[in-house]
Amino acid sequence: MAGGELTPITGGCLCRRVRFSITARPMAMRLCWCRLCQYLAAGNATVNLVFPSNAISVEGELRDYASVAVSGRRMHRRFCPHCGTQLFSESEERPHLIIVRNGALDDIALLKPEATIWTAEAPEWAWIDEALPQHAGQPPPVA
Ligand SMILES: [Zn+2]
Ligand SMILES: [Zn+2]
């Protein structure tokens, strides 16, 4: 980004054993209603920011749950082994990107989602913002 220092975006888990700092602006911010995210987010959509993975530094121990997504990609969901807070998601095929959960940011109101994805898997009662673009499934890659 041209000119000026970027204020890092900081965050971490509930128990504060894991902390991170990001020196980039997000490439995307989306709500995800895929079935797996509903497990992670206790029944709602996850709120996710996509960053270049080289812009984040992380301190503290993470556990990793690996699974194969509908896309066929092998995904790693990383969380704090002590308090269970979901922090990151990464795909083995796209290691240049890291997905950060908005709930882990120190300032959860810093940025706003610009799309809702996997709406086809949302329950009928789900509240989905009609003002945002929607994708029934996985949208095209951000980069
Ligand atoms: Zn923790
Ligand atoms: Zn999802």
Side-chain angles (χ1 to χ4, degrees), residues 1 5-143:
M1 198 173 280
E5 286 286 300
L6 218 50
T7 308
I9 297 173
T10 57
C13 66
L14 179 61
C15 75
R16 300 185 72 86
R17 283 174 170 83
V18 180
R19 294 290 299 162
F20 61 81
S21 176
I22 305 162
T23 53
R25 295 296 100 178
M27 301 154 78
M29 181 171 181
R30 302 185 290 221
L31 297 139
C32 182
W33 275 102
C34 83
R35 184 66 185 92
L36 190 144
C37 280
Q38 293 180 51
Y39 281 103
L40 303 183
N44 217 286
T46 55
V47 186
N48 305 302
L49 300 115
V50 184
F51 290 97
S53 49
N54 61 8
I56 187 166
S57 61
V58 183
E59 281 174 45
E61 185 198 351
L62 292 165
R63 283 281 296 280
D64 174 2
Y65 177 73
S67 63
V68 177
V70 186
S71 62
R73 285 182 185 145
R74 193 165 168 80
M75 300 293 298
H76 294 265
R77 270 94 185 178
R78 301 189 206 280
F79 55 95
C80 171
H82 187 79
C83 69
T85 301
Q86 290 288 331
L87 293 154
F88 311 118
S89 175
E90 289 161 282
S91 134
E92 285 184 8
E93 287 81 358
R94 305 179 62 75
H96 59 293
L97 300 178
I98 185 164
I99 293 165
V100 178
R101 310 299 183 188
N102 191 65
L105 298 187
D106 291 333
D107 182 358
I108 52 168
L110 185 65
L111 303 149
K112 281 188 190 162
E114 80 255 0
T116 309
I117 67 173
W118 286 100
T119 54
E121 299 199 348
E124 225 170 76
W125 50 257
W127 182 83
I128 294 171
D129 189 343
E130 297 290 337
L132 298 181
Q134 294 178 24
H135 300 268
Q138 187 66 31
V142 292

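All ligand and atom numbering here is 1-based and tracks the order in the structure.
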Asker: Working to the nearest 0.5 angstrom, can you tell me the gap between Ile22 CD1 and Ile98 CD1?
Answerer: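 Interatomic distance, Ile22 CD1 to Ile98 CD1, rounded to 0.5 Å: 7.5 Å.
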
Asker: May I ask you to check whether over 12 heavy atoms, not counting those of Ile108, lie within 6.0 Å of atom CD1?
Answerer: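 Counting other residues, nucleotides and ligands, CD1 of Ile108 stays at 12 neighbours or fewer.
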
Asker: For a distance under 2.8 Å, give residue and atom name for each protein N, O or S atom next to the Zn ion (ligand 1).
Answerer: Cys13 SG, Cys15 SG, Cys80 SG, Cys83 SG

Asker: Does Ile99 offer a backbone N or O that forms a donor-acceptor pair with the side chain of Ser89 under 3.5 Å?
Answerer: no

Asker: With sequence neighbours excluded, what pairs up with Gln86 under the side-chain contact (heavy atoms from CB on, under 4.5 Å) test?
Answerer: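 Residues passing side-chain contact (heavy atoms from CB on, under 4.5 Å) with Gln86: Leu40, Arg77, Phe79, Arg101.
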
Asker: Output the distance between atom CD (Glu93) and atom CZ (Arg74), rounded to the nearest 0.5 Å.
Answerer: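 CZ of Arg74 is found 9.5 Å from CD of Glu93.
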
Asker: Are any non-hydrogen side-chain atoms of Val47 and Met29 less than 4.5 angstrom apart?
Answerer: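 Touching, per the 4.5 Å side-chain cut-off.
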
